[in-house]
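Comments concern the structure below.
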Amino acid sequence: MLDLKRMQYLEAVYRCKNFTKASEMLHVSQPAISNAINALEAELKVKLMVRNSKNVTFTCEGEQIMGRIMKILDLFRETETVIRDLSDSAEQRLRLGISYAMTRQIIPVVFSKFLELHPQAQISWDEGSMYKHIELIRSESLDIAYNGLPAASAAEGLRIIPVSIAEVYAVVHPDHPLAQIDRVPLQALCSEPLVMMDRKSRVSELMDEEFAKLRLMPNIVFNYGQIACMADMVKNGRYVGILSVANGEQAIGCEGLVLRPLWTPVTFDVGFILKEGRYLPKIGRELIRFILASTAQPSAGSGELLAGLSLDGSSGTGDCSGMQSPPERPS
């Protein structure tokens, strides 16, 4: 009948919709997974899925059973996390997402300063854009992400913890005409070949909205996922890059280039994204507190953000009451 191993096999196949990919995910041979599921279907006398050469489709019965199995596995993993949190000697694990626009600022803080204080912590990280990380948090493939924060309409079921403010800049070669002006109008950007942050980023979403307000059609030639790629294109091809920079931070990776703010500033909140109601490992709560203390701007609201973070884990994600209001935007 059902046991933990079989449930994990089913979950992997359900997520991947493919036995080969499930095998790679679990580092288990494909025949072992297939045989275990075939045996389970025979025991239950229920067909859980329909297989073909390319993918797997779960039957109505399979979907019903998977809904229960996913809840069981989520509870099992959460219980493992709670047990580790209760032990001072156990290894603390955290799956962290970081925006690729903020990696060079945050990684040294996390993997040097923070881990010096928590030598038993094991933090794995994923570099990506906001909507990619939201998808991973909703599917519980990440525990927490530090990224641009979504609009309220896209934040359903998420816990949002603002930390700072980021502003969007145009990145140009020193010899480019736009380097000679203090602020860049959107109309001027439309006549340039633009290298935009990827389509799942908060910056791309906001810039689409700003261009639409003025009924402008930008010439976006490339959507990038690495700052080094954008910087190389700007240096070598006279393209204009679009980049966000958090308050008080430098645009690392754009050395030798000129950054110009937009005529009408485009800003957005930066901070932590969690899944509402899901238990956050203690090391995650410690990391939030550490980042708030070390990077939050000394503006109204930041003190309340830090004071509102509970570390006892009693409310699932930690009591983050008082953490929904971002720091005041600069005038």
I'd like to know whether Glu276 forms a salt bridge (charged side-chain N to carboxylate O under 4.0 Å, His left out) with Arg159, so could you lay out the CA-CA distance, the side-chain angles of the two residues, the decisive distance to 0.1 Å, and finally the verdict.
CA-CA 5 Å; Glu276 186 71 56; Arg159 174 67 61 90; 2.8 Å; yes
What's the spacing between [X] [atom1] and [Y] [atom2] if we round to 0.5 Å?
X: Leu287; Y: Phe272; atom1: CG; atom2: CZ; answer: 5.0 Å
X: Asn247; Y: Glu167; atom1: CG; atom2: CD; answer: 7.5 Å
X: Ser204; Y: Glu209; atom1: OG; atom2: CD; answer: 10.0 Å
X: Ile227; Y: Tyr100; atom1: CD1; atom2: OH; answer: 8.0 Å
X: Glu43; Y: Arg6; atom1: CD; atom2: CZ; answer: 4.0 Å
X: Arg77; Y: Gln8; atom1: CZ; atom2: CD; answer: 6.5 Å

Verify, without hydrogens or angle tests, whether His133 (side chain) and Ile273 (backbone) share a donor-acceptor contact under 3.5 angstrom.
no
Side-chain donor/acceptor of Asn18 to backbone N/O of Lys54, under 3.5 Å:
yes
Is there a side-chain contact between Ile288 and Leu274, using heavy atoms and a 4.5 Å cut-off?
yes
Does NZ or CZ of Arg285 come closer than 6.0 Å to the centre of the six-membered ring of Tyr279, within 45° of the ring's axis?
yes
With a distance cut-off below 6.0 Å to the six-membered ring centre and an angular limit of 45° from the axis, does Lys213 pair with Phe211 as a cation-pi contact?
no
